[in-house]
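This one's a predicted model, so the numbers in the text were calculated from it and none came from an experiment. All ligand and atom numbering here is 1-based and tracks the order in the structure.
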Amino acid sequence: MVFSKWLVSLIFIFHLFGTIPTLSSSSLTAKELADIPANFLSHAKSPELTNWMVDIRRKIHENPELGYEEFETSQLIRNELDKMGIPYKYPFAVTGVVGYIGTGRPPFVGIRADMDALPMQESVEWKHKSKVPGKMHACGHDAHVAMLLGAAKLLQEYRDNLQGTVVLLFQPAEEGGGGAKKMVEDGALENIDAVFGLHISGDIPVGSMATRPGPLMAGSGFFEAVISGKGGHAAIPHNTIDPILASTNVILSLQHLVSREADPLDSQVVTVAKFQGGSAFNVIPDAVTIGGTFRAFSKESFMHLKKRIEEIIKGQATVQRCSATVNFLEDKKPFYPVTVNSEDLHEHFQKIAGDMIGADNLIVSQPRMGAEDFSFFSEIIPGYYFFLGMKNETRGPLASSHNPYFTVNEEAFPYGAAIHASLATRYLLHLQPKSAEGKVKDEL
Ligand SMILES: *[C@@H]1O[C@H](CO)[C@@H](O)[C@H](O)[C@H]1NC(C)=O
């Protein structure tokens, strides 16, 4: 049984890739190049590989782990890499895993998945519901891991044809913890020439992808401020210094930052999402704590907001005789840079994704105010980030991410695995020296 299955898959692999000559990529015709993504996709769509990814995703979904605690997820990934015979290094950034497929020599191209879940209770009733109260994969990182392992499987079977090394980046703590930043500090990007990452999206159909060159997602930061006055009886306000009134003025003034100081054509956000102070109807408290987030699409705009948020909170508190301290919480929640897609990689993506799903299924994404810590990678080396469609009209709308009713449409998995594998494979071909590969280089 086991043997025959093995034989079948061997024949299958031979069938799929047998037409591609061992590279020597100079011998590849344009048609053969264009067939690489299509071949990966049809292999990824085989029930064997799709079901394997689905099983992995559901296992991870049942056991969600928060940022820097992804110990079992990381173990599962390493077990699967071991089974496939893929070498890896561990740990990076506490739980991160970095695998290597191909020649082990340059060039190197990275493909990335995040592993962490969110601190929220799942409300979806299904067989593989989270078994951990108060923790849920509500952002699809379970699916991201499964698809990157699917890509690893495709690439490992194809490894003798790889013109360099594909680096699998499994990172912790995307949800605010800046796991990508720690991966960089631990050397995970060493020697890597370019990196690709994706996020599933319920807004666009299965079999489509959305992205744009240049800034795609905002840079993001958090702040918390304590505004202190002097508490006392609510009926004798003149004997107190009221931090509640001062805080409301601080919040109103913060709203002037975007409306009066930002270029209207340069999107920015300042939101106060936390306001805590007082507990009785007749007591003015000593202090109020407020907190929130700020977003921008350039470093200059971002740093301007940061500087002005602090000035406004302190200055406006003083107007009403209060004092204030401002904390940007960078040790726990590092500022996420703007996610900027390299123009060169955009061209690469358009070609490869176009070969795989057809140019009609490539959607131009609007920039989004959400942030993504992939930006710590693309800040250092050329990077490219895109959204992978999972909407299926016949199944009805999907709840948005970070929602307790969030679900994943697993029909998207073959596309995710195949696009990862295709982007990496063709990028390595693209990096071959022109002398030997003049023909291929021109075609890419
Ligand atoms: C959408 O869902 C229907 C019903 O489950 C299914 O038959 C179809 O194959 C799905 N479409 C895609 C693109 O996966």
Side-chain angles (χ1 to χ4, degrees), residues 8-9 12 15-16 34-62 111 113 122-130 136-155 157 196-212 349-366 368 385-401 403-423:
V8 166
S9 66
F12 188 61
H15 171 73
L16 278 173
D35 281 347
I36 293 173
N39 285 340
F40 276 137
L41 180 60
S42 72
H43 188 181
K45 279 183 169 173
S46 69
E48 191 191 353
L49 186 41
T50 301
N51 293 339
W52 179 78
M53 286 189 277
V54 167
D55 285 346
I56 286 175
R57 181 258 159 171
R58 292 178 178 183
K59 228 179 266 172
I60 298 172
H61 190 85
E62 286 180 3
I111 45 180
E122 177 162 14
S123 298
V124 188
E125 294 302 332
W126 68 306
K127 192 162 165 232
H128 299 282
K129 180 177 178 174
S130 167
M136 176 190 182
H137 270 288
C139 198
H141 298 185
D142 49 350
H144 297 169
V145 169
M147 291 187 289
L148 194 62
L149 283 170
K153 196 156 240 197
L154 293 170
L155 290 163
E157 285 163 357
F196 297 92
L198 64 76
H199 205 298
I200 50 172
S201 166
D203 299 334
I204 54 169
V206 176
S208 69
M209 296 172 199
T211 182
R212 67 180 293 111
F349 177 85
Q350 294 286 109
K351 275 183 202 144
I352 280 67
D355 284 346
M356 196 173 109
I357 55 177
D360 290 351
N361 292 312
L362 301 181
I363 298 165
V364 180
S365 175
Q366 290 303 306
R368 304 188 181 198
Y385 196 75
F386 58 98
F387 298 99
L388 178 76
M390 60 166 189
K391 183 167 77 178
N392 182 339
E393 295 288 5
T394 63
R395 289 167 177 243
L398 294 164
S400 68
S401 61
N403 178 310
Y405 291 97
F406 178 76
T407 55
V408 162
N409 180 3
E410 293 159 337
E411 288 163 354
F413 290 7
Y415 294 92
I419 192 66
H420 269 314
S422 307
L423 287 168

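Near Thr394, the atoms of ligand 1 lying under 4.0 angstrom from a non-hydrogen atom of the residue are 1 (C), 2 (O), 3 (C), 4 (C).
Nearest to atom 12 (C) of ligand 1 among the protein's heavy atoms is Glu411 OE1, 3.5 Å. Nearest protein heavy-atom contact of atom 1 (C) of ligand 1 is Asn392 ND2, 1.4 Å.
Within the 4.0 angstrom cut-off, atom 7 (O) of ligand 1 has no protein heavy-atom neighbours.
Shortest non-hydrogen contact noted between Phe196 and His420 is O-CE1, 4.4 Å. When all heavy atoms are compared, the tightest approach of Met356 to Met209 is CE-CE, 3.8 Å.
A distance-only check finds a donor-acceptor pair linking the side chain of Ser46 to the backbone of His43 [under 3.5 Å]. In terms of modelled atom types and a separation under 3.5 Å, the side chain of Arg212 and the main chain of Ser365 share a donor-acceptor contact.
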